[in-house]
Amino acid sequence: MATIFALSSGAPPAAIGLIRISGPAASAALRQLAGRLPEPRRAVTARLRDARGDTLDRALVLWLPGPANATGEDCAELHLHGGRAVIAAVEQALLACPGLRRAEPGEFTRRAFVNGRIDLAEAEGLADLLAAETEIQRQAALAMAGGGLSRQVAQWRDELLALSAAVEATLDFADDDDVAAQADCSTWNTAGLRAALAAWLARPRAEALREGFRVVLAGPPNAGKSTLFNALVETEAAITSPIAGTTRDVVSRPVAIDGVPFLFLDTAGLRDDSADAIERIGVERAAAELARADLVLWLGPEAACPPGAWDIAAQCDRADADPKQAPRHRLSARTGAGMVDLRADLVATARAALPRPGDAALNMRQHRLLAQAEAALGRVDGQTDPLLVAEELRVARVAFDALLGRTTTEDMLDALFGRFCIGK
Ligand SMILES: Nc1nc2c(ncn2[C@@H]2O[C@H](COP(=O)(O)OP(=O)(O)O)[C@@H](O)[C@H]2O)c(=O)[nH]1
Ligand SMILES: [Mg+2]
């Protein structure tokens with residue numbers, strides 16, 4: 001096993017450059033550079049030298065022997081002065097140490113996973129935590145990285161094992177007619193476990209959190225969609241003009257409002273009589289976006305408002321604006337009238353539809369595996385053959401194991417840990 005090292009702090013120059021080392025040769029490398037091995041888990045200052053004895057830096061160093069640490073291997077940390085040349089020189093000295101090489105993206109975390117320091121759901125949470133840009137993303141990722149889902153799945157798995165034991169007890173005695181006749185099917189009751197799984201499956205998904213709550217602006221040309229879009233995303237992202245058909249493609253912008261992630265999408269006006277081929281494609285794309293939206297803001301005539309969409313009376317500062325009867329919001333993106341109310345309504349609606357702050361949200365992989373487990377448990381219902389019941393329970397357990405990463409494939413791990421940066 002190679003010993004890896006990487007700069008784990010941000011790009012130099014910075015106040016401090018943190019280099020992490022992990023692997024069997026970590027102690028030898030630290031001894032080589034610092035001249036000695038400090039007491040475990042105690043920060044000490046040391047003069048780091050290269051092979052010729054020239055000073056590289058005066059640094060804070062830590063010796064963190066495995067297995068009770070982040071990666072489960074022997075680790076060392078060098079807290080250097082964060083200049084480019086300092087870091088480059090220390091990296092060169094480390095490369096000269098036998099058995100050391102630069103780490104690949106996510107390799108420290110991957111070793112933590114391989115050594116059982118974290119499970120797969122926690123690693124996924126960690127990846128999300130590093131990618132989190134808004135407050136609500138951070139809270140959900142922290143819940144996942146902290147093992148919220150893992151603890152729950154481990155508990156379900158225990159319940160499942162107890163059920164399997166009860167079923168297999170009847171199997172062992174299957175030849176004995178008396179015991180088989182008395183096999184108590186009620187102990188195979190999976191309803192409680194299924195209900196718990198169903199509740200998790202019904203929760204909002206992690207992807208919605210990662211990509212933001214999708215709000216599509218729709219309506220005929222010149223309704224004021226692009227102007228409202230620009231006001232919502234607070235930049236001039238979309239071109240506005242009195243010329244119908246100005247917006248031809250879908251323009252999207254992610255923004256956070258009050259810590260809630262949104263993805264706003266401006267679309268070409270929905271008219272089907274356009275002679276312009278490019279605009280027609282834009283109209284088709286708009287229709288596709290409407291189908292994928294979490295919410296549609298409708299700026300067209302009241303009677304044509306799609307089901308579930310919010311009817312918006314836009315351009316209310318204009319005397320000739322459509323005076324809608326009962327719009328959800330009456331506003332002017334130009335003057336700002338009504339915009340505070342619209343934003344507050346959007347935030348409240350998205351908050352309710354996204355995972356609750358601090359709740360671990362299932363990602364697609366986790367959702368698929370839990371759904372498999374739930375389906376297998378469903379097939380146990382009404383089943384009286386202990387052999388078939390035992391098999392379904394095994395299917396459910398395999399799904400739980402896959403969720404926690406007890407069974408994984410290399411390419412799946414490559415995909416996950418490739419999302420991390422180098423040094424994590
Ligand atoms: N007075 C006023 N004019 C607006 C408002 N919103 C849009 N407009 C104007 O209406 C025209 C069409 O707006 P635009 O946002 O491009 O509409 P879209 O085709 O639906 O994207 C432009 O000339 C805008 O300046 C508004 O709230 N008040
Ligand atoms: Mg437009």
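Predicted, not measured: the structure shown is a model, and the values here were computed from it. Indexing begins at 1, ligand by ligand and atom by atom, following the structure's order.
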Worksheet item: Applying a 4.0 Å heavy-atom criterion (strictly less than), which segment of Arg334 is in contact with ligand 1: side chain, backbone, both, or neither?
Response: both
Worksheet entry | Which segment of Asn222 sits under 4.0 Å of ligand 1 when only heavy atoms are counted | both
For ligand 1, which atoms have a heavy atom of [X] less than 4.0 angstrom away?
X      : answer
Arg318 : 1 (N), 2 (C), 3 (N), 10 (O)
Ala333 : 27 (O)
Gly224 : 7 (C), 13 (O), 14 (P), 15 (O), 17 (O), 18 (P), 20 (O)
Thr227 : 6 (N), 7 (C), 13 (O), 14 (P), 15 (O), 24 (C)

Fill in: Heteroatom N/O/S of Ser226 within less than 2.8 Å of the Mg ion (ligand 2)
yes
Worksheet item: For Pro221, is at least one N or O under 3.5 Å away from an N or O on ligand 1?
Response: no
Item to complete: Answer yes or no: is there an ion pair linking Glu289 with Arg292, defined by an N-O contact shorter than 4.0 Å?
Response: yes
Worksheet item: Less than 4.0 Å between a side-chain N and a carboxylate O, is that true for Glu392 and Arg379?
Response: yes
Worksheet item: So Phe417 and Phe113, would you call those rings parallel, tilted or perpendicular, with 30° and 60° as cut-offs?
Response: tilted
Worksheet item: Using a distance-only test with no angle check, is there a side-chain donor-acceptor pair under 3.5 angstrom linking Ser150 and Asp119?
Response: yes
Worksheet item: So, Gln137 versus Glu133: side-chain donor-acceptor pair below 3.5 Å or not?
Response: no
Worksheet item: CD of Glu211 to CG of Asp294: how many Å apart, nearest 0.5 Å?
Response: 9.5 Å
